[in-house]
Amino acid sequence: MSANKVVVGCQWGDEGKGKIVDLLAAEADVIARFQGGANAGHTIIVDDQKYILHLIPSGIIHPGKICYIGNGVVIDPFGLKEELDFLTSKGIDYKGRLFVSAAANLVLPYHKLIDSLQEKNRGTSPLGTTMRGIGPAYVDKVARHGIRVADMFNRERLKKRLEYQAVLKSNVLTGSDDERADLDRTFNELMGLSDLFEELAADVSLELAKAQKKGLSILYEGAQGCMLDVDLGTYPYATSSNTTVGGALTGLGIGPKAIDQVVGVVKAYTTRVGAGPFPTELVDDTGEELRRLGDEYGATTGRPRRCGWLDLVSLRHAVRINGVDSVAITKLDVLDEFDEIKVATEYELHGQRLSEVPLDLVDLAHVRPIYKSLPGWKTDTTGITNFADLPENARAYLEFVAGDLGVTIALISTGAQRKETIFV
Ligand code: GDP
Ligand code: IMO
Ligand code: MG
């Protein structure tokens with residue numbers, strides 16, 4: 001029996017979690033997604049096939065693995081249907097091995113409409129959300145008037161719940177000519193999916209407990225990244241869920257002992273999509289070069305990602321709040337061409353040195369990173385599968401980072417393909 005692992009992003013998302021979960025899924029029996037929604041875009045590349053998954057766990061690509069979407073995820077039922085059709089078109093059979101928590105809240109068309117209106121209302125300082133309705137859906141959940149998967153199985157109940165939304169959201173929905181405001185349409189479309197969801201629905205917490213009892217190995221898949229956590233990230237420039245390990249417990253209904261190891265995914269440099277403080281951001285040619293070499297465009301929205309050097313200060317925060325045991329370092333190959341590679345080891349704020357992320361966002365927006373410069377390796381590392389085959393300077397870079405963070409390196413990714421990986 002191998003250990004039950006949770007995989008979390010340690011930066012601002014897009015660290016390469018999809019690839020890492022796909023790799024670790026080979027050793028697991030069950031893969032469970034615990035938070036977020038279709039704001040996520042997890043890319044998996046196997047030979048000439050590319051899969052971008054938003055809601056479905058990245059383990060689904062492996063035939064026979066059981067996949068769960070937990071109660072902590074907000075599910076866009078129409079988006080999920082599209083993803084299922086996509087899998088079918090790729091010859092992946094999900095039937096009987098993908099299950100969705102009946103207690104998960106739904107993201108409905110009006111949530112997306114509200115998301116876009118709220119972004120407009122934020123005027124000159126929008127959050128830069130993915131417009132997937134995530135914030136408004138979590139607001140409804142916490143306000144205790146959300147609509148859950150289970151509500152789709154009772155026509156009358158669903159109708160009543162939608163009628164109540166019409167009252168609650170009348171300022172937005174009444175008189176709107178946007179089709180996302182049309183609750184009758186939403187009702188009819190949801191009814192069209194109710195049979196599918198009856199097949200998919202499960203008590204995920206209970207199923208995971210049974211799997212554990214049988215000695216099966218479980219992989220818990222996070223979305224977004226630590227710095228986007230609604231409590232512990234760069235609030236308000238964050239997403240609306242707990243992207244950190246605590247989210248796995250509440251988002252799946254498991255206890256802390258159901259997790260044996262925490263694997264943090266760390267991109268060898270930093271990216272961020274959307275607004276908010278990003279201390280090591282490079283708005284110069286080097287930043288452009290990172291974007292070009294790393295092909296840093298959003299997997300969900302196609303937006304260019306902001307790019308910068310690795311930030312050990314924010315990574316220490318990620319390691320501490322998640323209790324990270326080991327890291328998977330991705331996209332090492334993207335750094336191959338640089339003469340020097342910088343790493344922020346501390347911040348400076350008003351003449352003072354900081355080795356931890358300041359809690360006040362206003363402070364974080366004003367810090368200046370203090371860099372250590374390491375020599376580049378100027379060698380193509382793409383596809384290397386042995387640590388010993390890496391250039392000496394690349395090994396030194398990795399060892400410096402892992403040493404500072406006090407973690408071991410579980411694996412290193414040297415390309416987008418499944419096989420372009422070093423298992424350390
Ligand atoms: P996620 O949201 O954390 O799953 O990451 P995304 O899929 O949004 O973004 C990661 C991108 O980097 C995807 O396009 C991956 O195919 C790609 N990728 C992952 N690992 C590597 C790597 O080691 N090298 C390179 N060059 N690309 C990688
Ligand atoms: P994966 O799982 C990167 C960002 C958005 C925005 C903020 C809030 O692929 O790593 P939201 O739509 O959640 O209300 O947007 O969070 N964001 C992500 N950035 N990767 C993601 O997911 C993200 N999901 C949300 O860009 O800044
Ligand atoms: Mg992504």
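This is a predicted model, so every value here is computed, not measured.
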With a sphere of 6.0 Å drawn around CD of E348, does it hold more than 12 non-hydrogen atoms of other residues, nucleotides or ligands? yes
Report, as yes or no, whether the 6.0 Å neighbourhood of atom CG on L359 holds more than 12 heavy atoms from other residues, nucleotides or ligands. no
Determine whether more than 12 heavy atoms belonging to other residues, nucleotides or ligands lie under 6.0 Å from atom CZ of R148. no
Residue Y164 excluded, over 12 heavy atoms near OH under 6.0 Å: no
Yes or no on side-chain contact (heavy atoms from CB on, under 4.5 Å) for L405 and R316, after CA distance, side-chain angles and deciding distance? CA-CA 6 Å; L405 297 177; R316 276 177 219 134; 4.0 Å; yes
Is it true that the side chains of H42 and E221 contain a donor and an acceptor less than 3.5 Å apart? yes
Any chance you could lay out the side-chain contact (heavy atoms from CB on, under 4.5 Å) test for Y347 and S314, step after step, and finish with the verdict? CA-CA 10 Å; Y347 297 151; S314 66; 4.0 Å; yes
Would the number of heavy atoms belonging to other residues, nucleotides or ligands and lying under 6.0 Å from CG of D360 be above 12? yes
Indicate yes or no: does E356 engage R320 in a salt bridge with an N to O separation below 4.0 Å. yes
Under-4.0 Å salt bridge between D76 and R132: no
Is Y220 reaching over with its side chain to a backbone N or O of A258, donor-acceptor style, under 3.5 angstrom? yes
Does a side chain donor of either K19 or S413 reach within less than 3.5 Å of an acceptor in the other side chain? yes
Hey, does T244 have a side-chain heavy atom less than 4.5 Å from the side chain of V8? no
T130 vs R303, side-chain contact (heavy atoms from CB on, under 4.5 Å): CA-CA, chis, key distance, verdict: CA-CA 9 Å; T130 59; R303 290 179 290 175; 3.9 Å; yes
Can you tell me if CZ on F387 sees more than 12 non-hydrogen neighbours from other groups inside 6.0 Å? yes
Show your working on salt bridge (charged side-chain N to carboxylate O under 4.0 Å, His left out) between K169 and D140 and close with a plain yes or no. CA-CA 11 Å; K169 299 177 172 59; D140 279 358; 2.8 Å; yes
In terms of side-chain heavy atoms, does N39 have a donor or acceptor partner in Q224 at a distance below 3.5 Å? yes
I'd like to know if K267 pairs up with D14 as an ion pair, taking the criterion as any Lys NZ or Arg NE/NH1/NH2 lying under 4.0 Å from an Asp or Glu carboxylate oxygen. no
Take atom CD of E82 as the centre, draw a 6.0 Å sphere, and report whether it contains more than 12 heavy atoms from other residues, nucleotides or ligands. no
Hey, is NE2 on H62 packed in by over 12 heavy atoms from elsewhere, all under 6.0 Å? yes
Please check this pair: side chain of T243 against backbone of G225, looking for a donor-acceptor N/O pair closer than 3.5 Å. yes
Ion pair R395/E392, N-O distance below 4.0 Å: no
For residues T280 and D311, is any side-chain donor paired with an opposing acceptor at under 3.5 Å? no
Can you list the steps and then say if F338 with E289 is a side-chain contact (heavy atoms from CB on, under 4.5 Å)? CA-CA 9 Å; F338 291 90; E289 202 57 2; 4.0 Å; yes
Keeping the roles fixed (side chain from R306, backbone from G274), state whether a donor-acceptor pair exists under 3.5 Å. yes
For S125 and Y237, work out which heavy atoms get closest and say how close. CB-OH, 4.1 Å
When you check the gap from the basic side-chain N to the acidic O, do K372 and D404 get nearer than 4.0 Å? no
Do we see a donor-acceptor contact under 3.5 Å between the side chains of D336 and T381? yes
Compute whether any side-chain donor of one residue and acceptor of the other, for S176 and D178, lie under 3.5 angstrom apart. no
Got a salt bridge between E189 and K81, using NZ or NE/NH1/NH2 to carboxylate O under 4.0 Å? no
I'd like to know if the side chain of R272 and the backbone of P277 have a donor-acceptor N/O pair within less than 3.5 Å. yes
With side chain to side chain donor-acceptor pair (under 3.5 Å) as the test, would you mind laying out the steps for Y371 and E340 before giving the verdict? CA-CA 11 Å; Y371 287 114; E340 72 163 343; over 6 Å; no
Within the structure provided, determine whether C226 and N322 are in side-chain contact (heavy-atom separation under 4.5 Å). yes
Side chains of L310 and I341, heavy atoms from C-beta outward: is any pair under 4.5 Å? no
